[in-house]
Amino acid sequence: MTGNATLILNGEEHPHAPGMTVASLVASLAQSPAGVAVEINGAILSPELFAQRQVQPGDTLEIIRFVGGG
Amino acid sequence: MTENKTPADPLVLGGQTLGSRLFIGTGKYSSDALIPAVAEASGAEVVTLALRRLDRSNPRGDILTHIPARMRLLPNTSGARTAAEAVRVARLARAAGCGDWVKIEVISDARNLLPDGYETAKATEILAREGFTVLPYVNADLYVARSLVSAGAAAVMPLGSPIGSNRGLAAKEMIAILIAEIPLPVIVDAGIGRPSQACEAMEMGAAACLVNTAIATAVDPVAMARAFGRAVAAGREACLAGPGRVLERGAAPSSPGEGALTGFLQGES
Amino acid sequence: MPAYTALKDGFFPRLAAKTALLDNLDRLKGEDARRALAAERLGERDFLALLSPAAEPFLEETALRAREETLRHFGRAVQLFTPLYLANFCTNRCLYCGFNARRSIERRLLLPEQVEEEARAIAATGLRRILALTGDAPAKTGAPYLASCVEVLARHFSSVGIEVPSMTVEEYARVAEAGAEGMTMFQETYNQTLYPFLHPAGPKRDFAFRLDAPQRAIMGGLRAVNLGALLGLDDWRRDAFLTGLHAAFLQSRYPEEEISVSLPRLRPCGEPPASREEREFTPRPVGDRHFVQILVALRCFLPHIGITLSTREPAGLRDKLIPLGVTRVSAGVSTAVGGHTAGQNQEKKDPQFEISDPRSVDEMAAAVTGLGYQPVFSDWLAAGAPETPLSAGIRAALGQ
């Protein structure tokens, strides 16, 4: 099966290319990877592993970033 | 730009020495682009921010680009309604690379935005054990504050009045009790609406003030930030100067020896 | 017997630093006393200022504040209690005490059925708060004996306190379980040089063990501790100051505990000196004016703690001091063993100290009422358990 595997990202379905890494996923969504945290299937992924970890179909991801707050 | 010399009246928190006792927030600004000038004018060294799901439809520059690199980031756990959620947010914040300070904010009351002291204490205990520098945001309740001390908090942050209300130190008496009884820095957070109120909190002996809404929603946030910086410094200096004799308490006797209470001692050794 | 190691988180490690604060006594001025009186909350330095010579012209103003604080925290209520001397066997040779081991007095101890008799006689006067005392004779009147007496007393009184030699945590726990609510422990003097001179022999000689006793009592489960120094042994300013700081320390370490202070002034024990040391001992008596200064300064420094005045003080003075901060007084007092039941003769025989206020419970209650205060016999917070079944041993001793 080619192309559009899906994972759940921030509660919604999101297509991804096979073999995509977390790092490239984040890069496709945010201007900079600074201040971004990623949770895969409920576990926080250490930033050093962003470039290595490939996303799999059916993975549940939360990508969290800093915003303004009090 | 880091200071090379130790500040005169430093506030030491989580192993860090702070020269400014005003903490600022980054929420509610008409534009995040105001933040650098506000930070500069205020002199603050600690800034709060929140965490949210990345918004794919709005990938504009993130808040970190607006925060001066010298500042210590204090992520809050806003959005958490339980201790477990707060712990998760704190761990995510640390993974996002902001250091290990966290402001615990556990609120499940959307109308009044009052914090849940019990859940906050639970989260404090877990996170303190994981090496976080925990600054819990709570009501000015002595028993909650004591449980935070045992749980390993680095400070206690009582609200002056509900978030965003700008009503100043409604909880003044209770905050005074915390300042007298709790052996941790007491940082007044939430509800401070005017620099005079921040000044008053510092005069009372608070260790610092956290101000967000009052600056962000002022007509001129940069000028307001400057005013708050000065107010916090003035209040602190007054506290250290030691207020002199304020009022006569009770009536003074007309002449020695004629006192109603101790007059019976006349002639005694 | 291994040497005692003071509690690391206790008052003993702090005592040297606190004692050093006394060096400031002569530097304090009238302005310092004024500032203390104007402060919302008094710090240690303010307390010292109010005890200093510089504060003497401000006695009336200090008394005014003391009265205000007492009214705010205690209203117009005064608790009544009486001491019950269970035994006067003693192995210590405290220079100032009538029960001193060198003194030839009749040594007695009460058996459970005698305790029961005393308890009934005292309870018949309406009192519900009792303080049980013994001398220092662990073999005869140690924790097991004490627990059995407390068990009897707890059936008649809603508050049973003990004033006994220093015990271990386990021993306090045992007595707490038997029904004791609190303890009284007088350090006598906080002066570590003078202390051994006053206590030449006996277990009481261990200064640190005694100093830690209130804390060990708390650790053992007692919920109220009452401190004090015997005023007149050392310079009163020193002992009054350190008593206040000891109380403040325990209160901040154990916020849930009821901490109180007594102000016993040295009284003659009525007999000629029994030893060379006693002859050499020169007490430093505290005059009435200075005594009042101690009371009102303490009340200003610690507005919420109870202050007890015993019958060492004469009736007239006790009445005048109630409005200034005294919140607990004894009445119907005998300081002889079995003195409440043994009849008139016994009361004159072998007391621990001379009583200056011989008023009965009724007379004291009337005096308190006359002053515009309410005499309180039973503190409703400290509910006794009169229906609790007695242990088999006690029932046997009572012939049940």
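A quick note: this is a predicted structure, and the numbers were derived from the prediction, not measured. Lettering of chains follows the sequences in order, A, B, ..., and the numbering in each one begins at 1.
More than 12 heavy atoms of other shown residues, nucleotides or ligands fall within 6.0 angstrom of atom CE in B:M71. By the 6.0 Å contact criterion, CZ on B:R72 is enclosed, its count of non-hydrogen atoms from other residues, nucleotides or ligands being greater than 12. When the shell of 6.0 Å around CD of B:E130 is examined, it contains more than 12 heavy atoms from other residues, nucleotides or ligands.
Residue with the most contacts toward chain B among A:V67, A:V38, A:I44: A:V67 (heavy-atom pairs, distance under 4.5 Å). Most heavy-atom pairs under 4.5 Å with chain A: of the set B:I67, B:L64, B:I163, this distinction falls to B:L64. Most heavy-atom pairs under 4.5 Å with chain A, from the set B:R88, B:R94, B:K28: that is B:R88. Ranked by heavy-atom pairs under 4.5 Å with chain A, the first of B:N212, B:L51, B:V47 is B:L51.
Residue B:L92 touches chain A through both its backbone and its side chain, counting heavy-atom pairs closer than 4.5 Å. In this structure, chain A has heavy atoms under 4.5 Å from both the backbone and the side chain of B:A93.
In this structure, the side chains of B:L54 and A:L29 come closer than 4.5 Å at one or more pairs of heavy atoms. Side-chain atoms of A:R65 and B:R53, non-hydrogen and from C-beta on, never get closer than 4.5 Å to each other.
Contact record, A:G68 with B:A50: O-CB, 3.8 Å, taken as the closest heavy-atom pair.
Expressed to the nearest 0.5 Å, how far CZ of A:F66 lies from CG of B:L49 amounts to 5.0 Å.
With sequence neighbours excluded, no residue satisfies salt bridge (charged side-chain N to carboxylate O under 4.0 Å, His left out) with B:R230.
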